[in-house]
Student: 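Just dropping this structure here.
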Amino acid sequence: MAAAIASAHAAPAFADASPALKKEVTAGVEARAKLVQEMVDSGFSFAEPGFQEFKTSEYLTSILEKNGFKITHGVAGIPTAWTATWGEGGPLLALGSDLDGLLGLSQVPGSPQIKPLVEGAPGHGEGHNSGMPLVIAAALAAKEAMIKHGIKGRLMIWPGIAEELLATKAYYVRDGLFDGVDACIFTHVANSFSTAWGRMGHNGMVSVEYSFKGKTAHAAGDPWDGHSALDAVEIMDTAWNFRREHLPVTQRSHYIITNGGNQPNIVPSDASVWYYFRDNSFEGVKYLYKTGNEIAQAAAMATGTKVSHRILGYAAPNWGNKPLAEAAYKNIKAVGMPKWSAGDQAFARMVQETNGRELEPLRSEIDELSTPETRGTSLGGGSDDIGDIMWTVPTITIRYPSNIPNMIGHNVLAAIAMATPVAHKGAVQGAKALAMTILDFMTTPKLVQDAKAYQQNVQFKADKYDPVITADDTPAIWLNEKTMAEMRPKMEPYYYDPAKYDTYLDQLGIAYPPAP
């Protein structure tokens with residue numbers, strides 16, 4: 001009797017969604033391959049940088065709204081941020097990917113040569129135009145299957161706004177966007193296909209601008225009557241560079257002078273410098289931030305100026321959820337890499353040869369599941385503010401194969417393939433794996449339970465979420481506004497029109513693959 005009672009209360013056995021259901025949902029993604037191509041190409045043509053993703057967001061939310069999703073605009077006080085929700089009852093799964101481009105990286109797609117589409121304009125040199133199309137195709141296919149088979153569950157699609165500035169996801173978390181969410185699956189472009197769990201090795205980061213206030217004077221006539229804010233900036237930068245020798249090897253820090261004064265014969269009364277401080281732990285980021293504040297204050301004292309600072313962004317270290325990653329990886333293995341054509345491979349080789357990159361074909365095999373053991377020790381590096389969500393709900397990132405191997409990140413080279421069949425095929429393949437994982441999550445209660453248990457009993461035992469931002473900090477929504485006011489009129493004539501052209505390459509008159 002006791003055994004029967006225990007059995008009745010036992011957690012359901014782990015069981016994936018059925019093969020037939022997964023076959024059905026992958027067919028649903030494949031049926032939307034044309035929509036994926038149009039979304040990828042449209043996002044590439046809009047090429048909006050952080051906080052200016054207005055056209056991109058309008059376009060994507062209109063597609064979701066037409067497909068039965070409820071749209072909430074302006075979440076977390078960010079004009080270009082939104083959520084799209086669907087479903088009643090069952091677990092709530094969040095699905096996200098980034099939208100923003102990068103300043104100055106405009107590039108003609110499909111051209112092996114570096115050639116800006118609009119001189120000086122932003123571009124998708126990180127490939128963020130491909131992730132949300134993947135998510136939307138997967139969500140629509142999963143929704144269709146859930147309705148047909150009476151599967152309970154809810155979806156919340158959300159965009160990574162201004163990820164290149166690491167400027168929003170901490171605010172999403174602070175303002176409760178993920179309250180009640182059971183788990184999150186994020187996607188990011190790559191030239192490989194895999195996912196990961198455990199401490200990821202990505203650095204946490206705080207983005208902070210220091211502004212110095214001094215006193216103007218004639219730089220030649222009576223400079224002794226002035227106090228140079230630019231001197232303070234230069235002293236801070238020099239002091240920070242001397243301090244680097246004595247900082248942990250895992251740290252990364254870099255800066256630009258955002259205001260250096262007006263003209264040489266006026267002692268600058270105002271000057272500012274923008275820093276990224278990165279390290280691989282919450283404690284490490286806080287230490288760098290504290291050190292930066294102290295050095296800024298010392299520079300102000302040395303120059304007779306005053307200093308203030310404001311946080312422009314924050315990102316937590318990343319930690320992937322093991323049960324979710326293992327479930328997703330089974331689907332990645334089942335889907336496999338895209339079937340690259342001879343033209344795709346010829347194009348990839350041409351881009352690599354033209355730009356002096358190491359030759360490597362488009363990959364034919366998925367990567368292994370990335371674990372703490374296979375990754376080894378991390379000495380720091382880049383950041384991704386998906387980390388803030390990873391410390392809020394169980395979360396993984398699926399990396400999907402929409403780019404060419406051996407390109408340079410945050411560079412025009414990484415934009416060349418992002419509105420070509422390489423990007424389209426990789427996004428479709430990623431959408432298949434994501435749609436299958438959505439169904440696993442909705443049909444397997446133990447997966448939901450195990451994901452939460454891993455976060456509570458493993459992740460939260462190793463560290464705790466301890467961000468730098470406070471209730472008084474606000475998103476830096478003014479960033480890139482002036483740039484787009486200048487550039488948008490120049491970019492609009494190049495927006496993709498899928499009603500007139502099959503692909504963006506067709507609209508631009510670009511042969512694929514280009515002639516050798």
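Values in this document were obtained by computation on a predicted structure and should not be read as measured data. Side chains are part of it too, since the values below use all heavy atoms of this structure and drop only hydrogens, waters and symmetry mates.
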Student: Tell me the side-chain hydrogen bond (donor to acceptor under 3.5 Å, both in side chains) pairs involving residues 418-429, sequence neighbours left out?
Tutor: Asp41-His424, Asp344-Lys425

Student: In plain terms, say whether Lys290 and Glu294 are close enough for a salt bridge, that is, a side-chain N and a carboxylate O under 4.0 Å apart.
Tutor: yes

Student: Going through the distances and angles, do Ser272 and Thr258 end up as a side chain to side chain donor-acceptor pair (under 3.5 Å)?
Tutor: CA-CA 6 Å; Ser272 54; Thr258 50; 2.6 Å; yes

Student: Are the side chain of Asn480 and the backbone N or O of Phe51 linked by a donor-acceptor pair below 3.5 Å?
Tutor: no

Student: Please answer whether the main-chain N or O of Asn406 pairs with a side-chain N or O of Gln352 as donor and acceptor at a distance below 3.5 Å.
Tutor: no

Student: Can you label the angle between the Trp274 ring and the Tyr276 ring as parallel, tilted or perpendicular, going by 30° and 60°?
Tutor: perpendicular

Student: Has Arg349 got more than 12 heavy atoms of other residues, nucleotides or ligands less than 6.0 Å from its CZ?
Tutor: no

Student: Take Lys330 and Met436, measure what side chain to side chain contact (heavy atoms under 4.5 Å, CB included) needs, and give me the verdict at the end.
Tutor: CA-CA 10 Å; Lys330 289 173 65 176; Met436 293 164 68; over 6 Å; no

Student: Would you say His124's side chain and Gly43's backbone share a donor-acceptor pair under 3.5 angstrom?
Tutor: yes

Student: Give a yes or no on whether the backbone of Val351 and the side-chain of Thr354 come within a donor-acceptor separation of less than 3.5 Å.
Tutor: no

Student: Using 30° and 60° as the class limits, which term best fits the ring planes of Tyr275 and Tyr210: parallel, tilted or perpendicular?
Tutor: perpendicular

Student: If you apply the rule side chain to side chain donor-acceptor pair (under 3.5 Å), what do you find for Ser194 with Ser192, and how did you get there?
Tutor: CA-CA 7 Å; Ser194 189; Ser192 56; over 6 Å; no

Student: Which residue pairs pass the salt bridge (charged side-chain N to carboxylate O under 4.0 Å, His left out) test when at least one of the two sits in residues 366-376, sequence neighbours left out?
Tutor: Arg363-Asp367

Student: Pair Thr437, Asp440 - check side chain to side chain donor-acceptor pair (under 3.5 Å), show working.
Tutor: CA-CA 5 Å; Thr437 309; Asp440 283 341; 5.0 Å; no

Student: Any side-chain to backbone donor/acceptor pair from Asp175 onto Val75? Under 3.5 Å, distance only.
Tutor: no

Student: Indicate the ring-plane relationship of Phe277 and Trp240, choosing parallel, tilted or perpendicular according to the 30° and 60° boundaries.
Tutor: tilted

Student: Measure up the Tyr465 and Phe282 rings against each other and bin them: parallel (under 30°), tilted (30 to 60°), perpendicular (over 60°).
Tutor: perpendicular

Student: Donor-acceptor pair, distance only, cut-off 3.5 Å: does the side chain of Asn355 make one with the backbone of Pro112?
Tutor: yes

Student: So, do Thr61 and Phe69 sit near enough that their side-chain heavy atoms are less than 4.5 Å apart?
Tutor: no

Student: Please evaluate residues Glu48 and Asp100 with respect to the criterion side chain to side chain contact (heavy atoms under 4.5 Å, CB included), reporting the C-alpha separation (whole Å), side-chain torsions for both, the decisive distance (0.1 Å), and the verdict.
Tutor: CA-CA 6 Å; Glu48 295 170 304; Asp100 57 325; over 6 Å; no

Student: Should Lys169 and Glu163 count as an ion pair when the cut-off is N to O under 4.0 Å?
Tutor: no

Student: What's the shortest heavy-atom distance between Thr168 and Asp385, and which atoms?
Tutor: N-OD2, 3.7 Å

Student: Does Pro317 offer a backbone N or O that forms a donor-acceptor pair with the side chain of Trp391 under 3.5 Å?
Tutor: yes

Student: Kindly give the heavy-atom pair with the smallest separation between Ser281 and Gly284, and that separation in Å.
Tutor: OG-N, 2.9 Å

Student: Test your reading of the model: is there a side-chain donor-acceptor pair from Thr374 to the backbone of Ser370, 3.5 Å cut-off?
Tutor: no

Student: Report, as yes or no, whether the 6.0 Å neighbourhood of atom CD on Glu353 holds more than 12 heavy atoms from other residues, nucleotides or ligands.
Tutor: yes

Student: Tell me if the centroids of the rings in Trp158 and Phe178 come within less than 6.0 Å of each other.
Tutor: yes

Student: Run the side chain to side chain contact (heavy atoms under 4.5 Å, CB included) check on Leu99 and His128 step by step: do they pass?
Tutor: CA-CA 5 Å; Leu99 297 186; His128 285 175; 5.8 Å; no

Student: Short question: side chain of Glu209, backbone of Val273 - any donor-acceptor pair under 3.5 Å?
Tutor: no

